[in-house]
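It should be emphasised that the depicted structure is a prediction, and the values quoted were computed from it without experimental measurement. Start at 1 and go down the list; that is how both ligands and their atoms are numbered. Computed over heavy atoms, backbone and side chain alike; hydrogens, waters and symmetry mates excluded.
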Amino acid sequence: MEKEIIQSISEFLQQGRAKEVQNLVSQALAEGISPNQILTDGLLHGMSIIGEKFKVNEVYVPEVLIASRAMNAGMEVLKPYLVDEDVKPLGKVVLGTVQGDLHDIGKNLVKIMLQGAGFTVIDLGIDVPAEKFVEAIKNEQPQIVAMSALLTTTMTQMETVIAAIKRENLRDAVYIMVGGAPVTAQFAEKIGADAYAPDAATAASVAKEKMLSA
Ligand code: B1M
């Protein structure tokens, strides 16, 4: 039964059926399936199959878009179960997907995991220009800036953001983390970021370690 629900979540997600995904996520939670299993084996599993099909032109942008909406709809239901309201506040993170990039599922997951670890997250959204990151640092005074990029053509924007932060003499004020599918630890080092995280859970633990060691 457990396996069937999880499998159906993945399948309905691939078909972009947001309402059914939401209902099944609620049902899975009610049946005591762990939020992490629902996320990994249901939602992320479905999204990775869509990713594979997209790569080989078996599905196209519209199908990927509706699957993404179903993913975000499922994550909305799951979010309260991944975020522990009783966690002590740890610090503030300014988060965004860099300019030119519209992918937000990974960023949203990073946000949920950071909130779950006790961070206040200022989410700048997608397609965020360097100046907007700088403005948010000035206004919000976060300890951490986290950037997401999913395209090889937009990951270079991360370096632009870091350059803008340096120009405003704010580099020492923030710990800069980067991530997203094409980003690597070597790339992070090359552009002068402080840390790279391969996934949302690692992003949250790296951020937490930074705050606890400060
Ligand atoms: Co796009 N897309 N897409 N897409 N898309 C990819 C990324 C691609 C790999 C697909 C492919 O060809 N195989 C490819 C990029 C190729 C490249 O540059 N190397 C691609 C392309 C080409 C494009 C377009 C150019 C397609 C077109 O128009 N012809 C276009 C670009 C639009 C733009 O951004 N300007 C485009 C558009 C879209 C949609 C709008 C249709 C949709 C996005 C909808 C949305 O996000 N709301 C979409 C999607 C969904 C994908 C795939 C299928 C799935 C991405 C995703 O959400 N994965 C993707 C293929 C794939 O990745 N297999 C693909 C699930 C998500 C949880 O994973 O975001 O990697 P991810 O996040 C991970 C980690 O990377 C990490 O944590 C998460 C896991 O825990 N992480 C961080 C992410 N950000 C982090 C930040 C951190 C730390 C960790 O900060 C510290």
Side-chain angles (χ1 to χ4, degrees), residues 10 13-14 16 18 35-36 38-76 78-79 82 91 93-117 119 121-129 133 142-158 161-162 174-185 187-189 191 193-211:
S10 168
L13 184 143
Q14 292 168 51
N36 270 330
I38 299 170
L39 177 66
T40 310
D41 300 338
L43 298 173
L44 288 175
H45 177 263
M47 208 60 224
S48 77
I49 292 181
I50 280 290
E52 288 307 313
K53 290 187 174 168
F54 189 31
K55 200 172 176 178
V56 296
N57 296 326
E58 251 181 66
V59 297
Y60 297 94
V61 169
E63 288 100 318
V64 180
L65 203 50
I66 58 163
S68 306
R69 288 195 190 127
M71 169 88 197
N72 279 328
M75 277 185 357
E76 271 308 306
L78 210 52
K79 188 176 161 186
L82 294 168
V93 181
V94 160
L95 169 71
T97 299
V98 296
Q99 188 163 33
D101 201 319
L102 307 177
H103 296 85
D104 70 354
I105 297 173
K107 170 191 69 65
N108 293 345
L109 208 50
V110 170
K111 179 179 176 180
I112 291 173
M113 294 299 176
L114 284 169
Q115 288 174 328
F119 286 94
V121 180
I122 310 297
D123 184 356
L124 302 179
I126 53 174
D127 193 15
V128 182
F133 277 101
Q143 293 87 359
I144 297 174
V145 171
M147 290 182 261
S148 178
L150 264 284
L151 301 171
T152 44
T153 48
T154 57
M155 61 196 266
T156 50
Q157 273 297 317
M158 292 172 159
V161 175
I162 295 176
V174 286
Y175 185 76
I176 301 179
M177 297 172 59
V178 292
V183 179
T184 61
F187 177 76
E189 200 183 330
I191 64 170
D194 295 307
Y196 156 75
D199 56 60
T202 311
S205 58
V206 168
K208 196 170 174 178
E209 260 168 45
K210 169 64 192 160
M211 293 313 294

What about [X]: any of its N or O atoms under 3.5 Å from an N or O on ligand 1?
X      : answer
Met177 : no
Thr152 : yes
Ser148 : yes

Spell out, as yes or no, whether a donor-acceptor pair under 3.5 Å connects the side chain of [X] to the backbone of [Y].
X      : Y      : value
Gln14  : Ser10  : yes
Asp127 : Gly100 : yes
Asp199 : Thr202 : yes

Starting from [atom], locate the nearest protein heavy atom and write down its residue, its atom name and how far away it is, to 0.1 Å.
atom                    : answer
atom 90 (O) of ligand 1 : Met147 O, 3.5 Å
atom 44 (C) of ligand 1 : Ser68 OG, 3.4 Å
atom 45 (C) of ligand 1 : Asp104 OD1, 3.4 Å
atom 89 (C) of ligand 1 : Ala197 O, 3.3 Å
atom 40 (C) of ligand 1 : Leu65 CD1, 3.6 Å
atom 60 (C) of ligand 1 : Gly51 CA, 4.0 Å
atom 81 (N) of ligand 1 : Gly180 N, 3.5 Å
atom 68 (O) of ligand 1 : Gly106 CA, 4.4 Å

Numbered atoms of ligand 1 (with element) below 4.0 Å of [X], judged on heavy atoms:
X      : value
Lys55  : 13 (N)
Ala181 : 70 (O), 75 (O)
Ala200 : 77 (O), 79 (C), 80 (O)
Met47  : 50 (C), 65 (C)
Ile105 : 46 (O), 57 (O), 67 (C)
Asp101 : 34 (O)

Considering all protein heavy atoms, does one lie under 4.0 Å from [atom]?
atom                    : result
atom 83 (C) of ligand 1 : yes
atom 8 (C) of ligand 1  : no
atom 49 (C) of ligand 1 : yes

Flag the pair [X] / [Y] as yes when at least one side-chain heavy-atom distance between them is below 4.5 Å, and no otherwise.
X      : Y      : answer
Asp123 : Lys107 : yes
Val110 : Val93  : no
Pro142 : Val174 : yes
Met177 : Val206 : yes

Which heavy atom of [X] sits nearest a heavy atom of [Y], and at what distance?
X      : Y      : result
Leu13  : Met71  : CD1-CA, 3.6 Å
Val128 : Leu124 : CG2-O, 3.5 Å
Phe133 : Ala146 : CE2-O, 4.2 Å
Phe54  : Tyr60  : CE1-C, 4.2 Å
Leu150 : Ala181 : CD1-CB, 3.8 Å

Close approach of [X] to ligand 1, heavy atoms, under 4.0 angstrom:
X      : answer
Met71  : no
Leu44  : yes
Pro198 : yes

| Excluding waters, which protein N, O or S atoms are within less than 2.8 Å of atom 1 (Co) of ligand 1? |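 Near atom 1 (Co) of ligand 1, below 2.8 Å, one finds His103 NE2.
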| query | When you look at Ile144 and Leu95, which way does the side chain to side chain contact (heavy atoms under 4.5 Å, CB included) test go after all the steps? | reply | CA-CA 8 Å; Ile144 297 174; Leu95 169 71; over 6 Å; no
| Please walk me through it: do Met47 and Ile105 pass side chain to side chain contact (heavy atoms under 4.5 Å, CB included)? | CA-CA 10 Å; Met47 208 60 224; Ile105 297 173; 4.0 Å; yes
| field | Glu52 versus Ser48, side-chain donor and acceptor atoms under 3.5 Å | value |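 The criterion, which ignores hydrogens and geometry beyond distance, is not satisfied for Glu52 and Ser48.
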| task | Identify the residue among Thr154, Leu151, Thr152 that makes a side-chain contact (heavy atoms from CB on, under 4.5 Å) with Pro182. | result |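 That would be Thr152.
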| query | Got a second to check how far Ile66's CD1 is from Ile50's CD1, nearest 0.5 Å? | reply |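 Rounded to the nearest 0.5 Å, the CD1-CD1 separation comes to 8.0 Å.
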